[in-house]
Amino acid sequence: MLYAVLCYNSEEAVAAWSREEEDRVMSDLAAVERKYAAAGKLGPVARLMPTTAATTLRKAPGETIVVDGPFAETKEQFLGFFLVDMETLDAAIDFAKELAVANPGVGAYEIRPLRVFKPGGALEAL
Amino acid sequence: MSELSWIDLALSSARPQAMGALLRYFRDLDLAEEAFQEACLRAVRAWPDKGPPRDPVAWLIFVGRNSGIDHLRKRARQQPLPPEETLSDLEDVEDDLAERLDGSHYRDDILRLLFVCCHPDLPATQQIALALRIVCGLSVRQIARAFLVSEAAMEQRITRAKARIAAAGLPFETPDAVSRAERLGAVSAMVYLVFNEGYSAGETQRADAPFCEEAIRLARLLLRLFPSEPEIMGLTALLLLQHSRKDARFDADGQIVLLEEQDRSLWDGRMIREALALIDKALRHRAPGPYQIQAAIAALHARATRPEDTDWEEIDLLYQSLERLQPSPVVTLNRAVAVSKRQGPQAALDLIEPLEDRLSGYFYFHGLRGGLLKQLGRDREARAAFERAIALATTPAEAAHIRQHLDGLSRGVVAETK
């Protein structure tokens, strides 16, 4: 089963990380990523810009409305995701637990099984 | 991350909202600050065991409000009660902890808090100090160090600023659309000032008071509160673009490195990309403003992988529209740099000579003028201009940078006479 592991946290808190904290968390996460990539279980990983950079297109009958900002005003924002291929939900939860160890503190990982997946592959890494 | 550091983060990110609400309740900056401090102390005691509350901001407002009221009661035992109307909104104090202020309420609270700090009666340095103290929560010691004054002097400066604000009266009415826009304009200018204070000094000298980062944090806060204001997008983008060059702007000895000589691989690509995304968003509104134009100029520099790829023609045009929107000799001075790239030093010199009256006390005027004269081979005049610039330099790095030009000139002169 393919799972998306969606990362939620207060983006304000994440934005307040010092460079050292940021670097440490990113390198700890990269270590987890390497492990799962080596096992052939890791797909694309994405980190999103802050919601202030977001634009939302709302569908409405007959027209669409483009508004500034994220889809929903919430305490915790959707910050990024990992895509993993796991035998079981437990395995996916274990993966998220490893992420939580690499990046401790508050926030949440939502584990969502995928229904459709089109890997693309035409894009360059950022 | 250690336990205490997440609490720290939660407290500092809750600060503007909680302080804004407490200021609305107590209508007194000192009392609001004390109440917030007390709430933070209790959070540090309570949160490690119980975990963070579901809504830390509401928790801090509730606890802060109660402790402020306690404080007022104690004070009332020693002196007569304050008039009822100074304790506005206190009747709902028994309300449930889960009281959730709606977004617009928070928005006006925070805007008021920021607006109070940039009161027109206050000189710029006091606005900056007050904002860093009250909104960002930097300690007096941190701010004092950054301004190179003693802690006592800074304490006094902040106290005086607060007294001035109290005397002038705080704006507590809910702002209408026009006064909200005015406040937003004043607050944006103050955020820009905070940034500039850090930018011109070079953050390296202020490692423990990161003005630039605080300014960016404030800009992001404004942007979250006013997600559809293209000028706030422009302001945030501008700050991000300027800050993206921070590692390239000074060399290992703390000397200024000019834009053209900077190692562009040191520029922070992540900040640049975010800024470009914000400029794109802003452009859709088709409501250009000074911050958007300045951001667009900075973006043209950021987009050039090599100095010679810089689109000076577009930069010149953007400065021209900035001159129309916000006529200022400093803008013209900046345009002169673009003009010198496109049409040579003489054209740029012709453009800035008429500014002498108004910019005679401005470091950059004499620095640029000296540079242009030097390019034209008018060394003696160049030397005089550089010497005036040195006299006006506000940081050692600025002075050192001009001295390099002077040294270059001296060597040139010696070489000529040989």
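Chain letters run A, B, ... following the sequence lines, proteins first and then strands; every chain starts at 1. Since the model is a prediction, treat every value here as computed from it, not as a measurement.
Of the atoms belonging to L223(B), heavy atoms from both backbone and side chain fall under 4.5 Å from chain A.
Here the CE atom belonging to M49(A) is positioned 8.0 Å from the CG atom belonging to L276(B), to the nearest 0.5 angstrom. With rounding to the nearest 0.5 angstrom, the CG atom of D247(B) is 4.5 Å from the CZ atom of R19(A). In this structure, OG1 on T52(A) lies 11.0 Å from CG on L221(B), to the nearest 0.5 angstrom. Between atom OG1 of residue T55(A) and atom CZ of residue R284(B) there is a gap of 6.5 Å, rounded to the nearest 0.5 Å.
At least one side-chain heavy atom of E11(A) sits less than 4.5 Å from a side-chain heavy atom of R224(B).
Taking every heavy atom of both residues into account, E274(B) and P50(A) meet most closely at OE2-CG, 3.3 Å. Of all heavy-atom pairs spanning D68(A) and S228(B), the tightest one is OD2-OG, 3.3 Å.
Ranking A54(A), G69(A), S10(A) against chain B, the residue ahead of the rest is A54(A), based on heavy-atom pairs under 4.5 Å.
No more than 12 heavy atoms of other residues, nucleotides or ligands shown are found within 6.0 angstrom of CZ on F71(A).
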